[in-house]
2 protein chains.
Amino acid sequence: MKKYTIRDVAKAAGVSHMTVSRVLNNNPRVRANTREKVQKAITEMGYEPNAMARAFVTKKSQLIGLVVSDISNPFYAEISRGIEDKAFDLGYSVIFCSSDENTHRTEACVKNLLRTGVDGMIFTSVHLKEPAAEKLIADGFPVVLVNRKLRNPNCHYVTCNNFQGSYDATEHLINLGYKKIGIISGYSHLSTGLDRLKGYKKALEDHGIPQRPEYIIETSFSADGGFEAAKELLVLKDRPEAIMGGNDYIALGVMDAAEALGLSIPEDFALTGFDNTDFAARSRTKLTTVSQKIYEMGSIAVQIIVDTIDRKNLDYAHKVVLNPNLIIRESCGYQLHKK
Amino acid sequence: MKKYTIRDVAKAAGVSHMTVSRVLNNNPRVRANTREKVQKAITEMGYEPNAMARAFVTKKSQLIGLVVSDISNPFYAEISRGIEDKAFDLGYSVIFCSSDENTHRTEACVKNLLRTGVDGMIFTSVHLKEPAAEKLIADGFPVVLVNRKLRNPNCHYVTCNNFQGSYDATEHLINLGYKKIGIISGYSHLSTGLDRLKGYKKALEDHGIPQRPEYIIETSFSADGGFEAAKELLVLKDRPEAIMGGNDYIALGVMDAAEALGLSIPEDFALTGFDNTDFAARSRTKLTTVSQKIYEMGSIAVQIIVDTIDRKNLDYAHKVVLNPNLIIRESCGYQLHKK
DNA sequence: CCAATTAATGTTACTGGTAACATTTCTTGG
DNA sequence: CCAAGAAATGTTACCAGTAACATTAATTGG
């Protein structure tokens, strides 16, 4: 269990410690038989380089900071898994922090990660305006945004085409014959909330269906938010025939509200979600939703951040927008709806 | 954005760098007005200590390694959140690795974490025999097991009383009048699988109900596992009246199988789960299950590991066993069952 | 009021790697 | 076969902190 240093190895192999360092770093300027000699000493002694010393001197920790809103939220957990796997492949480890969607806590996370010495940070849940992230970017610190974007478009990000996904879902409802379509949208100070709302509005517009302000409610991306909003929407005199959930959690909350109010889905109203999370296929009514490549987003984000870390001075921004996919299940009915 | 060192601060404050170091470490051997002078320079210059240098010289990274079977599994994600929050409070950051329940990958995770220089490791999903973890423990490296335990009891762990939880659930079924009770258990090379199986058997025994080997199937803690096993159990000539899922995922798979076979829960058979994960209350049939304090387990594990890191030579093992709680919903029916 | 003691501050060395430059050893071609 | 250049190896310094000891300043009691 004794910890050896390169100098110990050097002595054992009868060379200087620099030669050992060169062998360790695959420097070609080492003769083959010297390399073998050193390699032998290394394996015999069970030498392991001291990561801390190396990080200290090279100013590279091989650590990526990950700021999620809540790691216990399966959506973010899945992004995290995508991030972890790719990071592992590229020789990085990842430290995660939950920000709880809270600017204050986000700042604490960033400070903490900076203190820990991460080489770059990935944010999964920025607000359109997020001072902590923006400051990092301004300072030239490697940052990649996943899932949600900042207002400022001049940064690396990978997202789903939320506009398109929402547009498609809305159009699907319209094609089924629904006209009175409400939306319980995520807050529009979040890019995901905003883009999905825009997609919804554009689809209505393109099909000549007027917007009705009372059919649009913004809330948090949570079952509770969906539940409360649905209770408002479903008691309207002129109740919507279809409700779009800003994500699957909101849709879940809508289902809870429907149950509480004695309404059935899709008989009394249609429902859509967004994300195609695991439980969407397993809920009481199987949910029609928009799937996005969650795991892949994480994986791509790592690719980008490592790129950025390695050749620091990228003068362009990586922008990756993945295509979503409408998954049709039973929550909108299958028949054309009565006019 | 310039990076200052303690020597820069020292020069600015007109003291030696050691005095700055003392101020930084709250060493009482600094006169009040010297301390102020230094403090002032620190804030004015925006000095931040270099974590890498500090970690290097103190041999302490303030990093905890976390090995979960899969971060995208909500159960582990919630443990992780408990771990993260407590670690944050105690000044640690956490690096996570997903092992996929795979000995090989577990070894890779451990190696990776060791290389990164973590001060200790938390394992959430060891097998009863897990060479990588056992070696660490043998070497005196700080390790805490959460959720699952090793066969070797001489290590720190925090788990739920799985035996008791399973016993309670079984007894609940018995009290409802069920006698033909099957179990789709997690693999018994995992402590959770084994203990829950034991609890089931003991409850049957205590109530004088003979075990029927064909009613016991072991599988992975997954919906797929539950689905496949349920298909076997539910086509038995003498079908069980009740099935206990080794965890909520297995129970979910059982629900899928029931649907596929045209059976209703609880009319055709009763069903229980374990863990009280989020979706247990939201599944088609609301699931009677055993809740455990998932978040708390993580939190306690951090407490223990930090303890262990700080006063390395603990000569006793922390063993924390939390009590589970039976959550009765609708999947077992509410009436006493016909004999 | 000054010697003895204690408190405050400073100096030097050290951690385990890598960078930069110096030196030695090997090639190669005239 | 040897000088010149290239390749291999070695030396020294450095990173930004902390530990251990040295020195200086302040306090205290006879």
Side-chain angles (χ1 to χ4, degrees), chain A residues 1-42 45-63 91 114-119 309-310, chain B residues 1-42 45-63 91 114-119 309-310:
Chain A
M1 260 287 87
K2 189 175 173 316
K3 281 278 190 172
Y4 291 106
T5 73
I6 48 170
R7 284 166 172 92
D8 297 324
V9 175
K11 198 181 299 171
V15 297
S16 79
H17 73 279
M18 272 315 294
T19 300
V20 179
S21 174
R22 287 184 186 107
V23 170
L24 252 21
N25 292 288
N26 292 312
N27 184 319
R29 283 221 139 66
V30 180
R31 224 180 311 170
N33 69 328
T34 312
R35 164 164 278 127
E36 268 167 45
K37 220 167 40 174
V38 173
Q39 211 67 264
K40 191 159 148 282
I42 287 174
M45 305 170 79
Y47 164 82
E48 287 281 346
N50 179 326
M52 286 302 150
R54 187 175 270 173
F56 167 47
V57 72
T58 58
K59 278 118 181 58
K60 277 218 46 190
S61 59
Q62 300 294 113
L63 251 31
L114 238 27
R115 200 182 45 73
T116 312
V118 298
D119 295 334
I309 292 169
D310 287 348
Chain B
M1 258 291 90
K2 188 176 171 316
K3 280 277 191 174
Y4 292 107
T5 73
I6 48 171
R7 283 167 172 91
D8 297 323
V9 175
K11 199 180 297 172
V15 297
S16 79
H17 74 280
M18 272 316 293
T19 300
V20 178
S21 174
R22 287 185 186 105
V23 170
L24 252 22
N25 292 287
N26 293 312
N27 185 320
R29 284 218 139 67
V30 180
R31 226 180 312 171
N33 69 331
T34 312
R35 164 162 280 127
E36 270 166 44
K37 220 167 37 175
V38 173
Q39 211 69 264
K40 190 159 146 282
I42 288 174
M45 306 171 78
Y47 164 81
E48 286 283 344
N50 178 326
M52 285 304 150
R54 189 175 268 173
F56 168 48
V57 72
T58 59
K59 278 119 182 57
K60 276 218 45 190
S61 59
Q62 300 294 112
L63 250 32
L114 237 28
R115 199 182 47 72
T116 311
V118 299
D119 294 335
I309 292 168
D310 288 348

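Naming: A, B, ... by sequence-line order, numbering from 1 per chain. What you see below is based on every heavy atom in this structure, not just the backbone, and it leaves out hydrogens, waters and symmetry mates.
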>> Nearest 0.5 angstrom please: A:Gln62 CD to A:Arg54 CZ, how far?
In response: 9.0 Å
> Does B:Thr34 have any side-chain hydrogen bond (donor to acceptor under 3.5 Å, both in side chains) partners at least two apart in sequence or in another chain, and if so, which?
Replying inline: none
> B:Asn27 has an atom CG; how far is it from atom P of C:dA8, in whole Å?
Replying inline: 9 Å
> What bend angle does the helix from C:dC1-D:dG30 to C:dG30-D:dC1 show across its length, from five-pair end axes and to the nearest 10 degrees?
Replying inline: 40°
>> Just the rounded figure in Å: distance from P of D:dA16 to NZ of B:Lys3.
In response: 10 Å
> Is the distance from OP1 or OP2 of D:dT9 to the nearest side-chain N or O of A:Thr34 less than 4.0 Å?
Replying inline: yes
> Nearest of C:dA8, D:dA8, D:dG10 to any side-chain atom of A:Val15?
Replying inline: D:dG10
>> Just verifying a value: how many Å separate A:Lys59 NZ and A:Asp119 CG, rounded to the nearest 0.5 Å?
In response: 12.0 Å
> Nearest-Å distance, CZ (B:Phe56) to P (C:dT18)?
Replying inline: 11 Å
>> Rounded to whole Å, please give me the gap between CG in B:Asn26 and C1' in C:dA8.
In response: 16 Å
>> Atom NZ of residue position B:Lys40 - does it have more than 12 heavy atoms of other residues, nucleotides or ligands inside 6.0 Å?
In response: no
>> Strictly distance-based, threshold 3.5 Å: is any side-chain N or O of A:Asp8 a donor or acceptor partner for the main-chain N or O of A:Tyr4?
In response: no
> Within this structure, what is the CZ-to-P distance between A:Arg29 and D:dG5, rounded to whole angstrom?
Replying inline: 16 Å
> Is there a donor-acceptor pair under 3.5 Å between the side chain of A:Asn27 and the backbone N or O of A:Arg29?
Replying inline: yes
> Rounded to whole angstroms, how far apart are CG on A:Asn33 and P on C:dT25?
Replying inline: 15 Å
> Which pair of heavy atoms, one from B:Ser61 and one from A:Met52, lies closest together, and at what distance?
Replying inline: CB-CE, 3.4 Å
>> How about NZ on A:Lys37, more than 12 heavy atoms from neighbouring residues, nucleotides or ligands closer than 6.0 Å, or not?
In response: yes
> Would you say B:Thr116's side chain and B:Val118's backbone share a donor-acceptor pair under 3.5 angstrom?
Replying inline: no
> Nearest nucleotide by nearest heavy atom, which residue falls closer to the 5' end of DNA chain C, B:Gly14 or B:Lys59?
Replying inline: B:Gly14
> Reading nucleotides 17-25 of chain D 5' to 3', which nucleotides get B (base under 4.0 Å from a protein heavy atom), which S (sugar-phosphate only), which -?
Replying inline: BBBB-----
